[in-house]
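These notes are about the structure you will find just below.
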Amino acid sequence: SLLTSAAAQAARYAAHADVQDPAAASERAAQIMSHTAAGSTAGTVRCTPGPPGALMIEVHCSMRSPGILPLLSAIMPDLSVTAHTLREHP
């Protein structure tokens, strides 16, 4: 799914040695989602980092499911994914 791809890209971005802000993954995932077919729901993307200082970067992302019709948006479940990648060390 688009969210899975965005979460994986956001985890890789957050794993870079020069990225120190844990909120960077959430911002990056929302930015990526805003350029997709589900761009209208990019504002609902929320990501939380895994444990600080771990060897692996873990990013949990969720967003409101994009409905085809506005009436369906309220009954569609939220989407949630988790992405992992190795942290880079300088």
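Sequence positions, counted from 1, serve as the residue numbers for this chain.
Here the closest heavy-atom approach between residue A10 and residue I32 is recorded as N-CD1, 4.4 Å.
C61 pairs in a side-chain contact (heavy atoms from CB on, under 4.5 Å) with only one of the listed residues (T4, L79, L3), which is L3.
Residues T85 and M56 have side chains not in contact (no heavy-atom distance under 4.5 Å, counting atoms from C-beta outward).
Rounded to the nearest 0.5 angstrom, R87 CZ and R12 CZ are separated by 15.5 Å.
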